[in-house]
Amino acid sequence: MNRPVTGLLILALGGCGQDPPGNVGEHNNEDIKTQTSTVEADAAPSGRILRAGIFSKVSGGNVIDSADTSTGKALSQLVMTFIREAERIPIKKGTILGYQYRLSNLPDMRSVQLRRVLRHPPFTLPDGTVSTGSEFTINKRVERNEVFAYDVYALNETYEMVEGEWIFQIYYRDRLLIDRKFTTYYVNDEAGKLF
């Protein structure tokens, strides 16, 4: 059963993700915590995709201005649910493509700055400019040397509904930790329904 994801979620009408709700887990045993920190300190930061594909809006999703995103707009306070794993994403208004990820072996600090990169097929914005992606810094909460978060993009505007390759990347400093590709395509028949 899918559980909705709640909280503040910035999407580049679509855009960037949000930390998932819930507790990663705590240990009261100080020896375990010390041992884990020592092991992780010796390893390089790394990233792993937990699930990727199609998400759907449950509620919220207020449009706000955002200079960082491809469109100059973002969604906040979006509640969404994971629909299914997919690399090929049928183009349909309201579809959210993206992934949930985990970064490990990060420095022992409260938050970390990451660079979020998105490359997408060219589309023409209402002001006549052509967008091919965005790149900006995001801050994520670190717990036990890890970050759990989402990175998604919502297809809400007609001009965003273009076929082609979408590349999502997350960097820590100059190190690429996440690299995920999706391909959007037009559906000409009923077989392409999401539900």
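Numbering starts at 1 and runs along the sequence shown.
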Applying side-chain contact (heavy atoms from CB on, under 4.5 Å), run through Asn145 and Asn105 and close with a yes or a no.
CA-CA 5 Å; Asn145 302 91; Asn105 305 318; over 6 Å; no
One pair to check against side-chain contact (heavy atoms from CB on, under 4.5 Å): Leu114 and Leu103. What are the steps and the verdict?
CA-CA 11 Å; Leu114 304 169; Leu103 306 180; 3.6 Å; yes
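Atoms CD and CZ, on Glu143 and Arg110 in that order, are 10.5 Å from each other to the nearest 0.5 Å. With rounding to the nearest 0.5 angstrom, the CG atom of Asp179 is 4.5 Å from the CD atom of Gln169. Annotation: the span from Leu106 atom CG to Arg144 atom CZ amounts to 13.0 Å, rounded to 0.5 Å. Annotation: the span from Ile49 atom CD1 to Arg180 atom CZ amounts to 5.0 Å, rounded to 0.5 Å. To the nearest 0.5 Å, the span separating OG on Ser56 from CE on Met80 amounts to 10.0 Å. Between the CG atom in Leu50 and the CZ atom in Phe148 there is a gap of 6.5 Å [rounded to 0.5 Å].
In this structure, the side-chain contact (heavy atoms from CB on, under 4.5 Å) partners of Ile91, at least two apart in sequence or on a different chain, are Met161, Glu163, Thr184, Tyr186.
Side-chain contact between Phe82 and Gln100: absent, with no pair of heavy atoms (C-beta onward) separated by less than 4.5 Å. For the pair Val187 and Lys92, the minimum side-chain heavy-atom distance is 4.5 Å or more. The shortest distance between side-chain heavy atoms of Ile54 and Pro90 falls below 4.5 Å.
Residues Leu177 and Pro45 share a closest heavy-atom pair of CD2-O, 3.4 Å. Closest non-hydrogen pair, Gly98 versus Phe55, comes out as O-CE1, 3.5 Å. Closest of all the heavy-atom pairs between Glu85 and Ala52 is OE1-O, 2.9 Å.
Just one residue in the list Arg102, Arg51, Arg116, Arg115 forms a salt bridge (charged side-chain N to carboxylate O under 4.0 Å, His left out) with Asp151, and that residue is Arg116. Screening Tyr185, Tyr99, Tyr153, Phe182 for a ring pair (Phe, Tyr, Trp, His ring centres under 6.0 Å) with Trp166, the sole residue that qualifies is Tyr153.
Note: the hydrophobic cluster containing Ile89 also contains Val162 (ILVMFWY, side chain heavy atoms under 4.5 Å, direct or indirect links). Ile138 and Val117 fall into different hydrophobic clusters, where Ile, Leu, Val, Met, Phe, Trp and Tyr side chains are chained together by heavy-atom contacts under 4.5 Å. Following chains of ILVMFWY side-chain contacts shorter than 4.5 Å, one cannot reach Tyr171 starting from Leu118, and the two form parts of different hydrophobic clusters.
Without hydrogens or angle criteria, Lys93 side chain to Asn156 main chain gives a donor-acceptor distance under 3.5 Å.
Hydrophobic clustering, defined by side-chain heavy atoms of Ile, Leu, Val, Met, Phe, Trp and Tyr closer than 4.5 Å, leaves Ile167 isolated from every other such residue.
Glu165 CD: more than 12 foreign heavy atoms inside a 6.0 Å radius. Asp127 CG: more than 12 foreign heavy atoms inside a 6.0 Å radius.
Judged purely by distance below 3.5 Å, without hydrogens or angles, the side chains of His120 and Ser131 pair a donor atom with an acceptor atom.
Taking the six-membered ring for Trp and thresholds of 30 and 60 degrees, Tyr159 and Phe123 have ring planes inclined between 30 and 60 degrees apart.
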